[in-house]
Structures are given as structure tokens and as C-alpha cells.
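Lettering follows sequence order; numbering is per chain, from 1.
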There are 2 protein chains.
Amino acid sequence: MGEFALVGRSVGRVDGLEKVTGRAKYGVDVELPRMLHAKVLRSRYPHARILNVDTSEAEKLPGVKAVITAEDTNKEQVVAFGVGRSDAYPLAMEKVRFVGEEIAAVAAEDELTAEEALGLIRVEYEELPGVFDPEEAIKPGAPKIHDVEDNVSSEVEVEFGDVAKGFKEADYIFEDRFAVQYVHPCHMEPTVCIASIAGSGKVTFYENSWDPFFRRRVLRRSLGVSESQIKIVQKHLGGNFGAAQNDLSPYVICYLLARKTGRPVRFVNTREEEFIRARSRMPEIIYLRTGVKKDGTLTARHVKVIATDGAYTGMGPAMMRNGLVQVSGLYRCRNVRLEGKCVYTNTVPTCPYRSFGTAQVTFATESMMDEIADKLGIDPFELRLKNATRAGDVTVVGQEIGSCGLQECMEKVADYAGWREKRAKKHPNRGVGMACAMYQSESRWAGFIGSTAYVKVLADGRIRIISGEYEWGQGAHTILSQIAAEELRLPLEDVEFSELDTDVLPFTRGPYGGGPVTLTAGHAVRLAAIDAREKVLTAAAKMLGVSSEDLEMENRKIFVRGDRERSVSIATVASYARHRGPDIVGEGVYDPDTGVFGWEKLYGNFSRAYPFSAQVAEVEVDPETGQVKVLDFAAAVDLGKAINPVSAEGNTEGAVVQEIGTALMEEVSYEQGTVVNPNFVDYRVPRAINVPAIKTFLVETNDPYGPYGAKACGMTSNMPVAAALANAIYNAVGVRIKELPITPMKVLKALEERE
Amino acid sequence: MGEFALVGRSVGRVDGLEKVTGRAKYGVDVELPRMLHAKVLRSRYPHARILNVDTSEAEKLPGVKAVITAEDTNKEQVVAFGVGRSDAYPLAMEKVRFVGEEIAAVAAEDELTAEEALGLIRVEYEELPGVFDPEEAIKPGAPKIHDVEDNVSSEVEVEFGDVAKGFKEADYIFEDRFAVQYVHPCHMEPTVCIASIAGSGKVTFYENSWDPFFRRRVLRRSLGVSESQIKIVQKHLGGNFGAAQNDLSPYVICYLLARKTGRPVRFVNTREEEFIRARSRMPEIIYLRTGVKKDGTLTARHVKVIATDGAYTGMGPAMMRNGLVQVSGLYRCRNVRLEGKCVYTNTVPTCPYRSFGTAQVTFATESMMDEIADKLGIDPFELRLKNATRAGDVTVVGQEIGSCGLQECMEKVADYAGWREKRAKKHPNRGVGMACAMYQSESRWAGFIGSTAYVKVLADGRIRIISGEYEWGQGAHTILSQIAAEELRLPLEDVEFSELDTDVLPFTRGPYGGGPVTLTAGHAVRLAAIDAREKVLTAAAKMLGVSSEDLEMENRKIFVRGDRERSVSIATVASYARHRGPDIVGEGVYDPDTGVFGWEKLYGNFSRAYPFSAQVAEVEVDPETGQVKVLDFAAAVDLGKAINPVSAEGNTEGAVVQEIGTALMEEVSYEQGTVVNPNFVDYRVPRAINVPAIKTFLVETNDPYGPYGAKACGMTSNMPVAAALANAIYNAVGVRIKELPITPMKVLKALEERE
């Protein structure tokens, strides 16, 4: 693909300089004149009735400007984001259902005064019995958290092929229970929201979510205003992932306080509040049963997931389904039964956190692949390859596979790791483990999952991309800049982005359920840039008195082909146009040709392209301490086409590091509904010493549907990590840990039990 | 015109509520985190060489973060706004040319510290002789202010017809000298500029000019950045008129200080600085010669203007020309000689201030019309009517008159004032005076004088007007909202405006040289709204399964004609569209079909339509004190069509009140180059007791080229005021004052001289 000047080249991040020099402005950096500071009084109990809230003393404290409770709201449930039931209020109504839930809020001249006022609010509770384990919660007689049967917020059950027959045909049946824990996103920038109400009544929120258009849409009911009366402005994003995804409380609280005081109001979580209130990754218990012939052919699979919603639902029902679907496409097993329940517990509500519910189930399925290989005496590499999905397949759940580099990914990481040698001749206490995954490039949860973009040619010849697609750290803006610059033959520094402002940008759904930016927005920006280019050429042709087909574009200029003396700069063309009418703006819309996610059927082609990944981990286990050291890690990803290879590598490395944390150390720990490690001392995340140098391989399969052949990258690479590590540990010391995180304690216990 | 729901109806200002409740945010209200405050050291001498500037002591003052002088700039002259020569620097280079000129600037943690630091800057001057009177300045041997001959920055000389012959044919020749003084715009909000440089290097200015697109374009050289690296955001505008028009110093100063300190920098003028530094209305000396036959037919006119540019030029050369042109079209005199010189003096630079250089000359021409009438014994009303331009005329300077309500205007005010009775039977010391004027609806100074607008249909069915046209108090946004709402059959409250941000809005030239908003932007918004309507109807037709011709729009809904049960709301259509691709956005571009202003020829049709006005003032003069009391004032304006009558009336009243100040009391007084009345105690503006209730008449001629027949309104009504008052004073007590303002002192002196 040597034809491209920028696409496919490793380039530095367009937002890099600002960020590394500390000059980038984040949501937490926003200050407005006369801004007040809000603090929230949170429930001390995991489950209780609220009998009375007395705010009178707090209101009297000098510096306090307003105190609000549920009585100040319109008492309507905040609308869930398109999926699942609505069950939450911005401030608790009658009951609290987890420790940390919002009961009242204070706006004061400074944070300390607001904090002090919280201590003056008297809440009378009537404690209720809580339930914290999802398997306890679905038992008859368990405490009822919401008005639903068995505390189940959503369930699904489907069967493809004939599972009973599949198991009958099997020579062996494997059955096991796996569990994935509560993991906190650990975003560096805490949740922040600032509300400022203009004289016209229009409210502007400055915040750090990544789905402002949806957010605006669902907020209008809680605020009681029309959608266009809400404007959301975003600064650089210092994290978040899914942590703030379904929580509108900060918006409603800031809005009500701003309205009550006539001043802007800022709310920001403390780190502790992030741990106890921002959402954490959805825990799952996975019951997995697999039927297999002696030769390794998979004949049937039954996956049953019990997912924890926490006290309020959100994306859980969607994530649970997504996980069930995505793990079903990787191998060619045609008899599959998928069951899932999302269950309420008196713990913090849960959220997506990279790969949208799929890493959990992948840990189970890819662990079991190794159990099967072990039992059958087949190399795990061969077992996987034998069953692997290929290009051209329509998977059992209906995914149409346009391109598939799974085998190449497997071979790259196996070769790098010296797989055959190391499996053949094991070093004591060392082991290698493999795992694979498949993901999607986008997912049609609703009508429009496409993207709309504009490319405006500025009067100095630079261009501005006008798109609501958000840079949340994945390098999206760099990739989109490369695409636009490529199509207009401009250097990368000639591209800028509009600020993210819902009043200005075209509607965008945000990267729900995956990383749709490269595929959908990449297409949209490419089309917009091409449209802008055509408009520039048409205008230049008129100025130069030639046909636009006789022109070529290079180095910020348009030349008459074969007569380099005759040229005009893009700047001149743009400036000329603007002084005679509208600016030159190219428009691009792309909506992939896919079906809407089959909410009950779990069947269909919901994405236009599917990335694949394969990974090999090498570990050393200390049999004395149970400590696992990751010696080496190879991660290959079939991303279709690497538009910015260095960024794709970084993305892959990030996914691996993040998931090493999940696999080996991270866990939000509860004692009777209270988080006992809500800080970075007690909650351990991977540090440099916990992570090896990661070797990444970018496999380019040039997907027929991707822009320049690109699919997606970031999500696919975290899915196999935990299983690769669990498999490597098993290979090293012969024990299999089925509950994450694989702590030294668990390893040691398993080693002791095996003795 | 009963067909309209909103156009032609008096409606409250869309920005009214915010403004009267004090919630509207102005430039001076902007505060940014870590913002520094700038103060400027200004020249104490009207003309001096700068030998040395020592800032070392100032830099040492605690709290001072940066001090800059011309050495910190790129030493390039700031570019004049499309007309005239460039002659100014953001900070004085080598020489200062007026008291108040910028020499150095300080940024400090607060204003007081910055102010204190100014006192520590040592400037060594070498005083030079100054010249303050333009007629002195053009004399040989006068002090040379710039490197131009005779201190003339620009001159023009044209002749139409045969002026010598015209004077030869005249029975009488009238010759006189008139003078119009320095008048300060007295805008309530002082000049403010805040610069904030982002991590990307892009600078955002928050300020209160009304021509941000031009400003951005001319700023790029002084800042040494590309145009798209500059963004200008405007809040509500609390005044300004032309006061800040050509002055880029605050921008360059704030930018350089922000760059040097890495922090946002705010600069705001004190009231005194406004008087000595913000520009004032251009004074003119007018030598006028008119030839006339016994029957009152004008045979020739020779206008010679000496206009004061002040220390630096700006819009002066354009204003001087505009004045010469506009006064030549009102009457049918075919032999006209126009001469003008713009002259440098060591006084504050000058600016346009309502009606762009035309009120000055109108004072002369309309005073002389009464001198002629008096001499010939013809009623001034009849003399004017006899010579008046009519619809269908092409005037001596090439204006093509599509509609002309001059006669109707004259009759309205004469009838109201009881003109004939009062002229016939005079009350002692009371008098009535008439004057007329003609202006333009826009003026093509450069290529594009049109307007581009978008109307975006929001997902809740409201609409947003995306236009760079600025609301600077004239009610533009209300009129444009009426037009957009009219075309989409929406209530006025369903319309909102984009914030003024050069990054977001289409290029707009700003209301240069007149009030082009109603005509050009009115057309553009109308076209955009119609386009949006068509798009909504097309989409609705698809949804309802009918042809779009079978649909009608009403009350936020689209109905199938004849079947009111079948309907869909605009909100639903917009929301549906947005969730499938781009938002529904209508585009409108309007550029009137006129020529570019003939800079040297002063001939052509530079505007698409011409508004007219006629006024009668009634005064009482106290012969003991010379005090003039305005008893009554009638102002009629042919504005084509009053889109918002109450607003047009307000505009007219404002023009009259403002000009009563100019005519009777206001003057920026100099003593050897120093302003001696730089405050609202010593500089007198009209108060309620100085102004009678003003009777306005809106004459609707339905111009063929205006949107809904509208032309323009605000400018035309200030042009005749001073002459109407001077004529009334003459009618009252028989003395003619030819130099504004007509103070009691001047009246008394004239009365004494007549005795």
C-alpha cells in the first residue's frame, strides 16, 4: 500500500504535545466566574429505607448556598441509555440500594464548606437486609432490591443448532464454573460536571463523558427542559471508560443547584467516591459446558452467565448479551446454547470497561479450550486452529466474516514465543499459554450507528474536521486526521478538530459497545475529505480555467497537470470561495450495512467487520509464594489495516497491561456491601515492574468493508489476556485458577490442594 | 401583508429578557482560570520621539508577570481594515503621535499591581511640535506626523456633469463653511480583550467588536500565526459602535503577554482610556457651494471635505467618500463636484459612528437647503420636494433607486408637526426645521458583502440560526428570528442563535459602512429557512408516504392537506433524520447584485436598496441664555418594510437621541492634543430632560429587492437630525450656527453679533 502518504505510517499523536506539556485542558480544569462547589451526601448503608432527611442545619452554615434532596427533583427515574429498565433516581427516592448512593447535595462557596455541610445533614434510615452475591440474590427469599422477580433485571436464553444432539455426539464433555470480579476503571481524571445556566435558560454542561449526544437526549426529562436547551461541552478526557456511563446524577445535581443559586456549580468526585460510586466492570459467573470429539472437534457448547448489575442496571443487559454473542463466533461449533441473567445486588452499579462484556466470558471459554487440549493431548494451538472461524464463514450467531487473520495472528505469537519448543521442553515453574478472541468493529444497538463528519477548508488552506467522534485516549483524532490529510494531500499539521460541543457538531452516538471510530468515523471522514477535495478542485478549475480532471493536488496547492507553472493554493481557493459565499465544506455520512442487534435472538450480522487476536503469555510461578511473574507477552491483532501502526501498537499494549491487572491483581473488595479498598494504596494496579515488554504484531487482512481495509483494534486485545495467563500458569505449575484475579494466595492454595 | 404570522409584527427582543434581568454575559464578564490583568502605559505627549523605555523596575515588582514594549512585537504595522494605508503599530515604534498611544504593557496578578508597575516604567521622550487642526496640518511647513505629503492620508476629487456650467446657469450661488466636531461613541461597555492560548498554540480572543472575521484575518500578521490558529468568541455587546474598529493593539498586547506568561490575559479600558484612546467620530470641515435657479432648481454643487483622521488613519478615507456619495443622491442636481482630504493630526484616531461619514456632510447640505429656501422665499418643504430624487432615478453618483418614500416621509412629519401653520404663524423664539437624508441598505466595499446563513432543525423541533451576523443592539437577531420562524411556521421562542465563534460560524463581513443585516442577512436567513423547510417537508413526505406538495406546516407539525389526522411533528422528522445521517440544515447565501464601491470614481450602484428619511424638529431658544430646548421631534423613515415595527421605532428614536447629543452638546475637547473632558461629568450626553418624546413614522415602500420588501432603518435616521435642529433654531431666532455642537454659548454669541 505504498500509494499512501500518511495512512499506514506511524505518526505522533495530534494531541500529544499538549498532553505531555501539561497544557491540555481537562474537564477538571474548567473554572467559571462565581462558580459554586457541590458535594454529595451518600448512603452509609447498602440497603435501607430513608425515613427522613433534615437539611436545615446544613442550610444555615455560612457559605452554603443551596441544599437539595429528592424533593427538589421532578422525581422521575433517569432514563437508561437505550437498553434495560430505568430504575434509578438522580437523588435517592425512599430507599438507598448501595453504599455511596446520592441522598442530598450541597452547593457552597468552596469544597470544604460543602463538605462540612454534609456533616450537618441528618438522615434517618431504616436498615434493610442486603444481598451482595448474585447467586444469593436470585435465590427465593432473598432481599428484594427492586420490584422485579428474583432480583433479575434482564435475562436471555437462546439455542442454535441442536445442543442436546451436540453433547450426545461428543466423546468428552467438559464442565466448569468461572468467575470474573469487580474491576474499577481507574481512570485518572475523576468524574466532573459543571453546570452553567445562561440568561436564556439554556444549560451548558462541561464534563468528561464520551457520549454527550445520548447524554443530552436522556437528560432532558430529568431536567424538564427541551433537548436543545442543553449543551454539552467536552474538554480533553482524562479517562472514564465506562465508569460514568449511565450516571446522570452529577448533571441533575449540578443543574438543580445552579438553578437554585443562579450560579455555575461544579461537582467533582474524590478518588474514594470514584471507587464507591463510579461504576465498575461487571462481574460475571460463567457456567460453561463444552462437548468435544476425540479429534478435538467442538460439538456443542452451553454458556450460562450470571452477571452482576449492582444496585442499578445500566449497560449490563447489553454487555451480557454481547459477551455471549462474541465468544460464540470464534470457533466453528454449530450447537450453542446461550443463557444469561443480569442480577441486582446491593453493590455499586456496573459498567462496560473495554470490550463490552466479552473479556469475562472469553476468560472462561479460552481457559476451557486449554482444559480440553490438555485432556485430549492435543496442542492448544492445534486445537484452536482446527476449530477456528475463517474468512467467508457465517458464524453460528450470524456474524459474516469478511476477513479473518486469526491463523496468522496465532502463528505470529507462537513463532515469537517459541511455542513448540517451550511446550515440548518445559522449564520448571515456567509456562506458556495461549488464548484467542474475536470482536466487532462496531455494533448496531440502535438505528444509526454510523457517523457524520464534515471537513471544512479554512481560509488559510488548513482543514478542520467537524465530527462528534471523541478522542478518549485511543488515538482516534490522529487516525481521522491522517485520513483527512491523506485525501487532501496535506501534511498532518494542517488538520485540526472542532471542539466537542453538542451545539456545533453533528449527532454522534459515541463509541458504544466497541470501538467504532476507525471503521464508521473513518469512512465518514474519508468521504467528507473526498467531498471537500472535489469541491476545492471544482473551484480551482474555475479559477484556472481548466477542467477539474486536469488538476492534481499536492503540497497545499492545485496544479494543472503537465503545467506546474499554473497553480493555485488551497488557501486561495478557500479564501476566494468564502468571500463569495459559503466556506468549502465536505460532508461524509457512513452507516454500515448491518442489522440491529438481536436483543432476544442474539443472532445477526451487527458489525461490518470483525477483528481477531491471538496472544501467548509466558510466566514464571514461584511455588513458595504463589507469585506469578509475567516474563513475556506476545499479542497479535488482525486489525484489517493499521492506519497509524505506532498507535495500534500502543493500543494493544494498553489493552494487555490493563488486563494483566484484571487477571492477576485488581479487585474492588467488598465487606457487607462496603468497598474496603477505595484508593490506590489498597487497590493494586499494574506498575512497570508487573509488566514485561509486550511484543505486538499487527496483522493486516485488508477488510473489504473497512476504510483503507481497517477494522478495529483496541478491544480485541484485552479479551484473551486473562485466559492466556491462566493457561500459562497451568502450563507452568499444573494448577488452573478459575476465579479472577489470580492472586498469589489462590495459586498457593491450589498448589497446596493439589499436593 | 396580512399573510405573515410574524414578519411585520411588533415583537419583544429575543435577547431582551436576559439583558433586562442582568443575566446576559458581556465581554467584560468573561473570567478564565489563572487569568492575568494587563495595563497599558500610554504616551503623555501628542507628538514625541521615544528615546528609551526602561521596564526593569516594573519587572521586579512582585505580582508582575511580564512587561512588553515594541521590542517584543514583530515590528510590523497592523494592517488597516481593507481601506487606506497601514500606519500603526500595536505598541509605538520610535514615535508617539497622540496622547494615549500605547508604549508598553504589563501583565500582573491583578489590575492594581499592573497599574502600579506602569508607574515604574521610565520613558525618555523627545518632544516634537504637534498639530491639532486639520487645516493647519495641511499647510506647508506643518509638523509632519507620518511620512506623507501635507499630512494627507487619502484624497479624492471627482466631477459629474459640468459644474462650471451649472454654476453659470445658476441665479444664485450659496457658499459656506460648516464644521462637525469630535464626538465620542459613549458605548457603555469599555473595550475588552481576553487572550487565551491553548496547548495547541491556538489563541482564543474574547472581545466585543462586531467584525470578528475581518479582525481575525488582519490579526494573523501581527501575531505571526495562521488565520485558523485564531479564534474569536463574542459575548453580548455592550456598545462599541466604531470605537474599537481599527485598533488591534489590545489583541496583540494580550496575545504577547499570554504567550510570554503562559496564562490567559485580560485587558479592559478604563472610562478615561475610552475617551483618550478608543476612536471618536471623524470631525469634518465642509466647504459647500450650491448653484440654484430662482425657482429653486439646483444647478450645481461643490462639496469639499477636510476630514480629520487623527494620529492614525482607519476608516476615515472610506467614510469621507461615503459621505460625499450619499449626500449627492438625495436631490436631482446633475452637476456635482466632490473633493475630500483625510488629514493626520496629533489627536485620537477617528472612526465611523452611525451612518458612516454621512451625517457630517448632511449637516452642511441640509443646512444650506434652508439658507437657499430662505433667500428664495420658498418653503423649505417645497424646495426639497421640488428637487427630490424619486423611485426609478439613477442618481448623479449612479445609485439606482428601486423604491423611494421620501415624499411620504416629508408629508408625514410635516403634517404631524403642523408645518405649514407653524411656518406661517411663528411663535416668538420657537421654530420648526426640516431636514432629509438618504442612505444605503448595505455597501459593497469588497468582493463579498453578502451573508451566508444556516438554519439547523434541532431534534426537539426548535431551530438554530447559524450566522455570523452580530446583534450589536439594533435588534438584528430578533428580526432574523422572525424571518426564520415565519418560514417554518414556528413560534418565535422556538428559534435560537449560535454563539458567535469564528470557528463555528460562516464567514461574515460584519455590518461595515451601514446596516446590512436586514437586507443581506435577512435574505440569507430567509433562504436558509426555506431550504430547511423544504428538507423537512421532503423527509416528512417520506415518513407519511405522500408527496411533499400535499403537506402543510403549522404549529410545529406537518399535516397531510385535507387529512389532519395524518401528521408528524417537526421534532420527529428532525430526530429521525439525525439518527440516520446528518441533521437537517438549510443553507442560504445572498450577495446583492451590486458593484464594488468606486474608490476613486465615487460612482456606481453599491447598494441594492436605499432608505430615506425626513424629520421636523421644533425648538424653543432662550434668547437670554442661548439654551435650546427641543420641544418636539418627528422622524419618518422609509425602511421598505418594518419587519419588527417596535424595533424600527426604537432604532429611529435612538438615532435621533444620539444625534441630538451631537447637534447640541457633545464634543471631545482638546487642549494642545490632550482631551480635557474624558469622563461623563465633563462630556455631556443627552439625558431624559434633553429629549422630547419622539414621534416616528415608518413608511413602507416594499422595495423590490429587500426581503419582504425591507431595506434598512437605523442609519438613515441620524443623518438629518443636526440640520433639522439648526434649521429650527434659525426659524426660531434667525441665527444659523454652522459648527456643531450648537451650544448655548454659540447661539448667544450669534444673537449678540446679529444685534
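- The two residues A/Thr452 and B/Pro582 make their nearest non-hydrogen contact at OG1-N, 3.7 Å.
- Contacts of B/Ile463 with chain A are absent, with no heavy-atom separation under 4.5 Å from either backbone or side chain.
- Residues passing the salt bridge (charged side-chain N to carboxylate O under 4.0 Å, His left out) test with B/Arg220, sequence neighbours excluded: none.
- Residues A/Glu499 and B/Lys231 are paired through a salt bridge, judged by an N-O separation under 4.0 Å between the basic side chain and the carboxylate.
- With chain A as partner, the option from B/Val585, B/Asp583, B/Asp503, B/Val504 having the largest number of non-hydrogen pairs under 4.5 angstrom is B/Asp503.
- Taking the side chain as every heavy atom from C-beta outward, A/Glu496 and B/Ser200 never approach each other to under 4.5 Å.
- Here the NE2 atom belonging to B/His579 is positioned 12.0 Å from the CG atom belonging to A/Asp591, to the nearest 0.5 angstrom.
- Across A/Arg217 and B/Ser575, no two heavy atoms sit closer than the pair NH2-OG, 3.2 Å.
- Within residues 19-32 of chain A, the residues having any heavy atom closer than 4.5 Å to a heavy atom of chain B are A/Arg23, A/Asp29, A/Glu31, listed by residue number.
- When heavy atoms are compared at a cutoff of 4.5 Å, A/Tyr576 does not approach chain B at all.
- Annotation for B/Asp460 and A/Glu227: closest pair OD2-N, 3.2 Å, computed over non-hydrogen atoms.
- Pairing each heavy atom of B/Ser226 with each of A/Arg462, the nearest pair is OG-CD, 4.0 Å.
- Residue-environment remark: NZ (B/Lys535) exceeds the threshold of 12 foreign heavy atoms within 6.0 Å.
- With hydrogens and angles disregarded, no donor-acceptor distance shorter than 3.5 Å links the side chain of A/Arg464 to the backbone of B/Ser228.
- Within 6.0 Å of atom NZ in B/Lys557, 12 or fewer heavy atoms from other residues, nucleotides or ligands are found, so the atom counts as exposed in its surroundings.
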